[in-house]
Amino acid sequence: MTASELDVELTHVSKSFGMVRAVDDVSFGVGRGEFFSLLGPSGCGKTTIMRMISGFEAPTSGSLKIRGQDVAAQPPFRRPTNMVFQHLALFPHMTVAQNIAFGLEMERLPKAEIGRRVGSALELVHLAGFDRRRVSQLSGGQRQRVAIARALVKRPAVLLLDEPLGALDLKLREEMQLELKRIQREIGTTFVYVTHDQKEAITMSDRIAVINGGRIEQLDTVSAIYERPRTAFVAGFIGETNLLRGRLVEAGGETATVAVGEARLAVRPEAPLPRDTEVLVSLRPEKIRLGPPLPETANRLDGTVESIVYLGSHTRYRVQVPGVGGLDVDVQNAEPAAPHEAGRPVTLGWQPAAAVVIPQPSGRAE
Amino acid sequence: MSADGTAAATVARRERLKLAAHIGPGTLWLLVFFVVPAFIVLRTSFYSFVDGQIVPQFTLENYLRVFREPLYAEVFVKSLAYGLIVVAIALPVGYPVAHFIARKARRNREILFLALIIPFWTSIVVRTYAWKILLGNSGLVNYLLQSAGITDEPIRFLFSLPAVLIGLVHVFLPYMILPIYASLEKQEAELEQAAQDLGANRFRTFVRITFPLSLPGVATGCMLVFIMTVSSYLTPDILGGPSQAMISNVIQSEYFETYNWPFGGALSVTFLVFSLVFFAIYSRLIKLDGGAAH
Ligand SMILES: Nc1ncnc2c1ncn2[C@@H]1O[C@H](COP(=O)(O)OP(=O)(O)OP(=O)(O)O)[C@@H](O)[C@H]1O
Ligand SMILES: [Mg+2]
């Protein structure tokens with residue numbers, strides 16, 4: 001991606017509020033037409049990043065470009081970005097059409113053009129015919145659509161969405177996720193999306209920046225974030241995983257051996273690692289096979305089923321492995337009855353490539 | 001089934017008792033101190049007044065006199081005009097103050113707020129007398145004007161229309177500021193930000209978003225200040241004297257100077273009816289307006 005194709009570009013951006021470093025040396029670029037998500041726990045600085053892009057907050061240091069232009073000197077009302085606010089912030093004293101027309105009136109466009117664009121924005125969000133409704137007469141999902149239409153009708157270079165679905169119930173949330181995705185595909189606008197819900201980020205995004213404590217932990221495509229987490233935080237925050245602490249005892253070639261307690265596990269590190277590196281092995285519950293091991297399975301551990309939780313599409317087993325600890329294992333419910341019982345001995349098996357090796361900085365106090 | 005019915009009845013009775021406990025004292029208070037006296041005033045207004053004596057004999061003469069003698073119509077109109085003028089001054093003075101406290105003041109917000117509330121704890125008499133001292137012939141204002149050589153003779157501020165208006169605006173200004181402050185304060189901060197995000201500068205944000213959404217507070221403030229001004233008694237009495245008498249002063253003099261309670265009653269009732277009609281119209285208009293604002 002060349003710099004000219006970047007709609008948003010942050011370079012070493014930091015933001016402090018007094019003693020609090022809310023955003024700490026963050027750099028990323030968002031390409032034209034990309035669906036880019038900022039994902040992280042509450043208070044990690046997501047909203048602060050959005051407010052800096054939209055102009056409501058000035059970075060303490062670093063530079064911020066939108067469509068290649070440094071926007072440091074531009075107040076919010078001059079920036080080619082538009083925001084869908086966390087609480088929507090629809091104007092309660094205006095109708096749906098008036099809300100959507102507001103931004104165009106600020107551009108002093110001719111009435112006829114405003115009318116036309118409001119009409120097509122309403123169509124885009126599937127709200128044709130709602131133009132004269134008051135905001136108070138809309139359902140939660142409809143309000144959501146108005147907020148999106150109001151921002152998109154301005155044809156921004158970047159649409160910023162700060163947890164726009166946070167207030168909706170699960171069903172509506174999932175519906176709106178698909179809606180947003182459809183809208184983004186239809187108009188091709190660059191979306192920067194904030195969420196603390198990893199499922200939401202996975203469903204919608206092209207790329208995700210996982211943020212923790214004001215810093216980017218990992219910036220990658222959705223599948224890379226899930227399959228190849230680079231830090232323990234990312235592995236634990238995106239999806240669920242078993243984290244096994246160990247030490248590299250044998251290095252060389254494609255595979256290496258990690259000692260976890262008494263067990264020796266075959267792993268395949270991304271990059272060659274020296275012997276004696278302290279590592280975490282991240283092993284997703286669905287990548288472990290439970291039951292009689294296939295002959296070629298490299299890693300085998302014997303344990304005892306401790307608990308069983310039926311979860312509809314799959315069943316989660318907690319298996320205690322002597323000398324290693326408890327491991328979560330998911331088994332798809334292809335057949336109605338759960339094939340294992342609590343207290344029974346079982347064998348766990350997985351291939352070296354199924355696990356991810358995360359080197360730990362040496363000497364890190366734990 | 002019947003047990004359920006009994007339980008429901010008990011619950012219903014408890015609810016009724018709770019309701020009575022809630023509104024009972026207030027209702028009693030209104031009954032004793034408002035409805036009963038109002039009724040007595042209404043009854044007396046139809047009595048005759050013969051040779052300085054109140055005679056319980058039905059007559060409409062008191063009401064006819066209210067409308068016959070132009071003096072009373074004048075006082076009515078004057079009082080209403082004062083009300084409008086004081087509102088017209090208090091609104092542009094009070095709105096920026098309310099806006100400042102709600103939006104700009106960060107650290108000293110509590111202090112400013114306290115400064116607004118303290119006058120409520122101080123008697124209107126005291127506050128009005130303060131103006132008498134400031135505006136008197138040997139008061140501070142005249143002293144400053146004379147020391148500065150702007151005038152040789154003291155200017156006679158007291159017992160004039162400006163003195164009354166200054167006093168009224170001062171005394172009732174908090175009633176304008178507080179409701180406007182409340183409506184500005186409860187506006188979501190995101191609304192103004194959304195307007196700016198959509199391309200509105202500060203001025204247009206205020207005109208299109210902040211101000212329209214504060215209209216309920218503006219309406220309440222105007223209403224309060226208007227009511228209080230029109231029915232004010234102390235301020236015109238202390239700062240205006242007889243020449244600036246408003247309705248309440250005229251009613252007061254009928255009751256306690258000529259002791260013509262029937263006529264005083266007729267004035268009161270007429271005023272009350274006018275006020276009620278006015279409020280009915282006003283609140284209808286405001287409801288339309290409030291509907292637009294919500
Ligand atoms: N105006 C401010 N003044 C002081 N501290 C602030 C301010 N805004 C944010 N912070 C602090 O900066 C940090 C990041 O806040 P931010 O709102 O960006 O988090 P977030 O990731 O959006 O969280 P959430 O998911 O809860 O919305 C927090 O510690 C917060 O307390
Ligand atoms: Mg936030």
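Proteins get letters first, then strands, A, B, ... in listed order; numbering begins at 1 in each. Below, all heavy atoms of this structure are taken into account, side chains as well, without hydrogens, waters or symmetry copies.
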Region of B:A189 in contact with chain A, defined by heavy-atom distances below 4.5 Å: neither

Residue, of A:G103, A:G55, A:A89, that accumulates the most heavy atom pairs under 4.5 Å with chain B: A:A89

Residue B:Q193 versus chain A: region with a heavy atom under 4.5 Å: both

Short side-chain donor-acceptor distance under 3.5 Å, A:R32 and A:T190: no

Toward chain B, the part of A:L160 with a non-hydrogen atom under 4.5 Å: neither

Closest-packed option against chain A by number of heavy-atom pairs under 4.5 Å, given B:D197, B:T205, B:L191: B:D197

Any donor-acceptor N/O pair, A:Q184 side chain to A:T189 backbone, under 3.5 Å: yes

Salt-bridge contact A:R155-A:E107 (side-chain N to carboxylate O under 4.0 Å): no

Region of A:R150 that comes under 4.5 Å of a non-hydrogen atom in chain B: both

Flag for A:Q142-A:R133: side-chain donor and acceptor within less than 3.5 Å: no

Top contributor to chain B interface from A:Q86, A:R79, A:R108 [non-hydrogen pairs under 4.5 Å]: A:R108

Side chain A:Q144, main chain A:P164, donor-acceptor under 3.5 Å: yes

Greatest number of heavy atom pairs closer than 4.5 Å to chain A - which of B:R208, B:Q196, B:E188: B:R208

B:S248 (side chain) donor-acceptor with B:S231 (main chain) under 3.5 angstrom: yes

Pair B:T210-B:E192, side-chain donor/acceptor within less than 3.5 Å: yes

Chain B contact via A:L88 - side chain, backbone, both or neither, heavy atoms under 4.5 Å: backbone

